[in-house]
*Asks:* 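Input: one structure, supplied below.
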Amino acid sequence: MATLRFQALKEASNRKPVLFEETDKKSILFGSNVFNEKAMKQYLTSDALKAVQGAVLNGTKIERKLADYIAMGMKEWALSKGVTHYTHWFQPLTGSTAEKHDAFFETSYDGSNPVEKFGGGQLVQQEPDASSFPNGGIRNTFEARGYTAWDPTSPAFIYGTTLCIPTVFISYTGEALDNKIPLLRALSAIDEAATDICKFFDKNVKKVTATLGWEQEYFLIDSALANSRPDILMTGRTLLGHTSAKGQQLDDHYFGSIPTRALTYMRDLEQECMLLGIPVKTRHNEVAPNQFELAPIFEETNLAVDHNCLLMDVMQKVAECHDLKVLLHEKPFKGVNGSGKHNNWSLATDTGVNLLSPSKTPMSNLQFLAFFINTIKAVNDYETLLRAAIATASNDHRLGANEAPPAIISVFIGEQLTKVMAELEGVTDGKLSPEEKTDLKLNVVGKIPEVILDNTDRNRTSPFAFTGNKFEFRAVGSSANCSNAMTTLNTIVAKQLKDFKIEVDNLIDNKGLKKDEAIFNVLREYIKVSKKILFEGDGYSDAWEKEAAKRGLSNFKTTPEALKARVSKQALNLFSEMGILNQIEMEARYEIELEEYTKKIQIEGRVLGDLSINHVIPTAIRYQNTLIENVKGLKDIFGDEFKALAKEQITIIREISGHIEGINSKVEAMTNERKIANHLGTAHEMAEAYCNKVKPYFEEIRNHCDKLELLIDDEIWTLTKYRELLLTK
């Protein structure tokens with residue numbers, strides 16, 4: 001049958017792995033296309049190099065004259081590698097990255113004297129058209145001006161023949177129009193607040209850096225098969241499709257031998273990552289068929305976020321060379337695991353100490369407990385903001401499913417640390433004896449040569465889990481920009497650390513307590529008030545949902561519900577006080593995220609209607625006509641006996657008619673609800689209407705279509721099936 005589906009299957013089955021040969025060791029390749037310190041030492045003057053280093057380490061401003069020298073060196077380095085264009089590479093509020101390429105090439109006014117030119121002004125600032133990027137009402141559509149400004153803390157890099165310069169993106173009136181600005185502000189806030197706390201324990205600490213290690217999950221499918229599915233092309237997921245008889249139930253894909261085509265893709269991708277300075281280290285099969293994961297070494301959070309944004313783009317481009325399609329949607333296939341992007345977060349000092357790593361000395365562990373307990377307290381107080389930070393239309397499909405954390409934010413810390421917290425809370429007089437101070441030591445039990453076991457087990461049902469020397473924010477979606485989650489997390493912890501210092505200083509200055517006792521007293525109270533957020537059990541269970549409600553924890557199962565926290569009084573006060581986002585910027589982001597949710601559901605509804613009416617129903621009628629002709633033939637041959645002989649055919653004909661009627665009626669009802677929603681007044685009203693009135697039809701329509709898939713002759717079914725999408729190597 002010459003349908004697109006069978007053409008795609010034939011093409012996919014004839015694929016051969018793309019030959020790939022690594023050119024050098026990863027250590028040699030790493031950062032070759034990055035204007036890093038090694039490159040800067042070669043191409044910059046000592047003063048220019050010091051200016052960049054000062055901006056990175058201390059946030060000092062780079063003088064215009066030095067910016068010219070930096071631009072000159074950056075241009076010469078880029079030209080030596082065959083670069084022809086440059087771009088300011090930024091992260092508008094679309095969730096992806098943006099770039100506008102300009103050639104180094106310039107001429108004089110009369111067209112003579114061609115030259116490669118790139119100055120400090122072009123490095124530091126550009127003016128892309130801002131009118132078509134989401135702005136949440138900050139700018140009128142006819143006011144197009146926006147600015148990108150160089151972020152020296154994230155090094156420039158070469159991709160293809162273009163020099164990419166990481167930048168922030170602001171409006172003409174100064175409001176943040178991107179994801180990077182609030183992240184940089186939050187990282188500055190956590191640095192200041194955490195450094196102040198560190199000085200209780202070590203006066204030599206001058207800087208604290210928030211670190212991030214993301215884990216990127218994704219699906220790989222053959223590009224021909226992807227192109228045969230309009231829903232995958234337009235929404236990133238399958239809106240229809242009956243589950244395959246064999247999926248992930250045998251657990252045979254997880255950590256299994258990596259398929260050859262996938263492995264050659266991974267090797268090619270890793271080489272590109274090495275050139276771009278993205279320190280990817282781990283690769284493996286994930287739970288679902290054709291699902292995989294890669295993870296890097298931890299980095300400073302701003303750089304880690306940039307690297308993840310860049311990676312998601314590079315993944316798609318490398319996949320094209322291998323005739324593959326990368327699916328980053330959180331739930332591209334029904335009935336198998338979706339994909340997340342676990343954000344592993346910690347804090348490190350400029351003296352080389354991980355502040356969330358337990359130690360063997362009482363003093364070090366008091367420092368560890370200070371940051372550990374304050375983080376828990378921050379999550380306890382601002383759990384609705386964390387939930388809002390990971391709320392998207394695509395992540396709604398994943399949260400609460402069997403492979404993902406529930407929509408209820410809770411913290412898992414493990415049995416040993418739970419006992420430590422209970423013991424600390426149990427000290428009643430507010431003072432620590434020398435013995436009790438010694439007991440703060442956390443003994444790590446069960447040693448294996450050269451490997452110390454983690455002092456916690458792992459709980460995959462926990463959205464926010466402590467995993468030995470870091471917290472793992474597991475609820476972040478696979479397609480998300482990490483900056484949203486990291487901005488919120490670093491902001492709430494910075495605020496909590498500021499409050500903690502005020503309380504400790506008050507006990508020292510006004511109550512006469514010693515420093516250690518003051519710290520302990522405040523931490524003990526935090527333990528008492530943060531108990532509701534701690535949960536060690538099964539986050540998927542109905543019992544936990546009931547228990548969470550008793551504790552007063554939020555359970556926002558949809559994005560419109562969750563996003564309300566964005567503009568709550570608590571959120572507006574917090575982000576304003578910490579200097580992260582003002583009220584205008586917060587409300588703009590709220591509007592943008594609601595609009596994005598609405599548009600994604602709207603697109604899915606349109607695609608689903610098209611597939612149902614123009615693919616499924618015609619195929620169903622075609623097969624039904626074949627059955628009708630069969631029944632007529634039986635009647636012609638057997639006369640009155642045909643009823644008994646054609647009983648099953650008649651039953652199937654009726655079933656098909658019932659499903660066709662169901663599809664038609666539900667698609668019509670969905671379309672009418674969409675029309676009503678489109679004329680509602682506010683962004684929130686529209687989002688809620690799409691969530692509660694339009695989206696519920698998706699599953700009903702899908703159910704009818706998936707039933708027809710089982711009834712209709714495989715040879716005429718036009719849409720590539722799950723078994724083909726998931727199990728074609």
Side-chain angles (χ1 to χ4, degrees), residues 3-5 8 219 221 225-244 325 327-336 338 392-398 401 479 558-560 595-622 656-680 686-712 716-722 724-726:
T3 63
L4 182 60
R5 172 191 165 205
F219 281 83
I221 61 173
L225 299 181
N227 291 335
S228 72
R229 292 285 308 226
D231 48 355
I232 290 178
L233 292 181
M234 286 188 276
T235 72
R237 74 179 183 105
T238 54
L239 299 172
L240 303 175
H242 199 281
T243 54
S244 172
K325 173 76 173 176
L327 302 184
L328 293 173
H329 192 286
E330 283 74 7
K331 196 72 173 179
F333 300 103
K334 183 180 178 181
V336 297
T392 63
S394 53
N395 211 19
D396 279 358
H397 293 284
R398 171 178 166 266
S479 66
T558 68
T559 291
E595 287 177 7
E596 180 188 27
Y597 176 86
T598 298
K599 289 173 182 176
K600 284 189 174 181
I601 303 299
Q602 184 184 71
I603 292 168
E604 288 188 349
R606 288 173 174 171
V607 174
L608 179 58
D610 172 47
L611 288 177
S612 303
I613 301 300
N614 297 315
H615 287 252
V616 175
I617 287 181
T619 305
I621 292 173
R622 181 180 174 186
I656 291 173
S657 292
H659 290 307
I660 290 173
E661 191 281 327
I663 292 170
N664 267 322
S665 63
K666 298 301 181 185
V667 169
E668 183 179 357
M670 176 186 70
T671 304
N672 288 334
E673 288 293 349
R674 218 168 54 226
K675 291 176 180 177
I676 294 170
N678 291 341
H679 290 91
L680 294 175
M686 285 183 67
E688 283 204 320
Y690 267 92
C691 178
N692 301 320
K693 300 292 186 180
V694 177
K695 190 179 174 186
Y697 285 108
F698 288 12
E699 194 60 31
E700 297 179 43
I701 295 167
R702 178 176 192 151
N703 184 57
H704 286 296
C705 293
D706 290 356
K707 292 292 185 182
L708 285 173
E709 182 182 326
L710 294 181
L711 290 172
I712 291 170
I716 67 170
W717 189 258
T718 60
L719 295 171
T720 305
K721 296 186 175 184
Y722 266 34
E724 297 154 351
L725 292 167
L726 288 170

*Asks:* State, with a plain yes or no, whether a side-chain heavy atom of Arg622 is found less than 4.5 Å away from one of Ile716.
*Replies:*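 Yes. Closest side-chain heavy atoms under 4.5 Å.
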*Asks:* Do you know the tightest heavy-atom contact between Tyr722 and Phe333?
*Replies:*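 The answer is OH-CA, 3.5 Å.
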*Asks:* How far apart are the C-alpha atoms of Tyr690 and Tyr597, what are their side-chain angles, what is the distance that settles it, and do they pass the ring pair (Phe, Tyr, Trp, His ring centres under 6.0 Å) test?
*Replies:* CA-CA 9 Å; Tyr690 267 92; Tyr597 176 86; 8.2 Å; no
*Asks:* Below 4.5 Å, heavy atoms only, C-beta onward: do Ile660 and Ile656 meet side chain to side chain?
*Replies:*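 The answer is yes; the side chains approach within 4.5 Å.
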*Asks:* Tell me the closest heavy-atom pair linking Ser612 and Val667, and the distance in Å.
*Replies:*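 Shortest heavy-atom separation between Ser612 and Val667 comes out as CB-CG2, 4.1 Å.
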*Asks:* Ion pair present between Lys600 and Glu596, side-chain N to carboxylate O less than 4.0 angstrom?
*Replies:*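 Glu596 and Lys600: salt-bridged.
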*Asks:* With respect to Leu611, which candidate in Ile617, Leu240, Thr238 satisfies the side chain to side chain contact (heavy atoms under 4.5 Å, CB included) definition?
*Replies:*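 Only match with Leu611 under side chain to side chain contact (heavy atoms under 4.5 Å, CB included): Leu240.
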*Asks:* Can you measure from OG1 (Thr558) to CG (Asn692) and round to the nearest 0.5 angstrom?
*Replies:*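 Thr558 OG1 to Asn692 CG: 6.5 Å, rounded to 0.5 Å.
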*Asks:* Do the non-hydrogen side-chain atoms of Leu608 and Asp231 ever get within less than 4.5 Å of each other?
*Replies:*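 Leu608 does not reach Asp231 side chain to side chain.
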*Asks:* If you look at every heavy atom in Gly605 and Met670, which pair is closest and at what distance?
*Replies:*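 Where Gly605 meets Met670 most closely, the heavy atoms are O-CE, 3.2 Å.
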*Asks:* Could you state the interatomic distance from CD (Glu709) to OG1 (Thr619), rounded to the nearest 0.5 Å?
*Replies:*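 Rounded to the nearest 0.5 Å, the CD-OG1 separation comes to 11.0 Å.
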*Asks:* What class does the angle between the rings of His329 and His397 fall in, given that below 30° is parallel, 30 to 60° is tilted and above 60° is perpendicular?
*Replies:*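 Tilted.
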*Asks:* Looking only at heavy atoms, what is the nearest atom pair of Ile712 and Ala620, with distance?
*Replies:*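 What the structure gives for the nearest pair is CD1-CA, 3.3 Å.
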*Asks:* Roughly how far apart are Leu710 CG and Cys705 SG, rounded to 0.5 Å?
*Replies:*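 Going from the CG atom of Leu710 to the SG atom of Cys705 covers 12.0 Å.
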*Asks:* Quick one: do Leu4 and Thr718 satisfy side chain to side chain contact (heavy atoms under 4.5 Å, CB included)? Show the steps, please.
*Replies:* CA-CA 7 Å; Leu4 182 60; Thr718 60; over 6 Å; no
*Asks:* Starting at NZ of Lys666, measure out to CD of Glu661 and round the result to the nearest 0.5 Å.
*Replies:*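 Here the rounded value is 8.5 Å.
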*Asks:* Compare all side-chain heavy atoms of Thr720 with those of Ile232 and state whether any distance is below 4.5 angstrom.
*Replies:*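 In short, these two side chains do not touch, never coming nearer than 4.5 Å.
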*Asks:* Looking at Glu604 and Lys695, is any side-chain nitrogen of the basic one under 4.0 Å from a carboxylate oxygen of the acidic one?
*Replies:*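 A salt bridge is absent here (no side-chain N lies under 4.0 Å from a carboxylate O).
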*Asks:* Looking only at heavy atoms, which two atoms of Ser228 and Pro230 are closest? And how far apart?
*Replies:*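 Nearest pair, atom of Ser228 first, then Pro230: O-CD, 3.5 Å.
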*Asks:* At what distance, to the nearest 0.5 angstrom, does CD of Glu595 lie from CD of Gln602?
*Replies:*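 The distance works out to 11.5 Å.
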*Asks:* Check Pro560 against Glu688 and note the closest heavy-atom contact, atom names and distance.
*Replies:*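 Closest pair (atom of Pro560, atom of Glu688, distance): CB-CG, 4.0 Å.
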*Asks:* Determine, step by step, whether Leu719 and Arg229 satisfy the side chain to side chain contact (heavy atoms under 4.5 Å, CB included) criterion, reporting the C-alpha distance in whole Å, the side-chain angles of both residues, the deciding distance to 0.1 Å, and the verdict.
*Replies:* CA-CA 6 Å; Leu719 295 171; Arg229 292 285 308 226; 4.0 Å; yes
*Asks:* Taking the side chain as everything from C-beta on, heavy atoms only, tell me whether Ile601 gets closer than 4.5 Å to Phe698.
*Replies:*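 Yes. Closest side-chain heavy atoms under 4.5 Å.
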*Asks:* Could you grab the distance from atom CD1 of Ile221 to atom NZ of Lys325, nearest 0.5 Å is fine?
*Replies:*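 Atom-to-atom, Ile221:CD1 and Lys325:NZ are 8.0 Å apart.
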*Asks:* List the steps and the verdict of side chain to side chain contact (heavy atoms under 4.5 Å, CB included) for Trp717 and Val616.
*Replies:* CA-CA 8 Å; Trp717 189 258; Val616 175; 4.0 Å; yes
*Asks:* Examine distances only and state if a side-chain atom of Arg702 and a backbone atom of Gly241 form a donor-acceptor pair shorter than 3.5 Å.
*Replies:*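 Confirmed, Arg702 side chain pairs with Gly241 backbone.
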*Asks:* Are any of the side-chain nitrogens in Glu699 or Lys334 under 4.0 Å away from the carboxylate oxygens of its partner?
*Replies:*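 Looking at Lys334 together with Glu699, the answer is yes, because their closest N to O distance falls below 4.0 Å.
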*Asks:* Please determine whether side chain to side chain contact (heavy atoms under 4.5 Å, CB included) holds for the pair Ser244 and Lys721, giving the CA-CA distance in whole Å, both sets of side-chain angles, and the decisive distance to 0.1 Å.
*Replies:* CA-CA 8 Å; Ser244 172; Lys721 296 186 175 184; over 6 Å; no
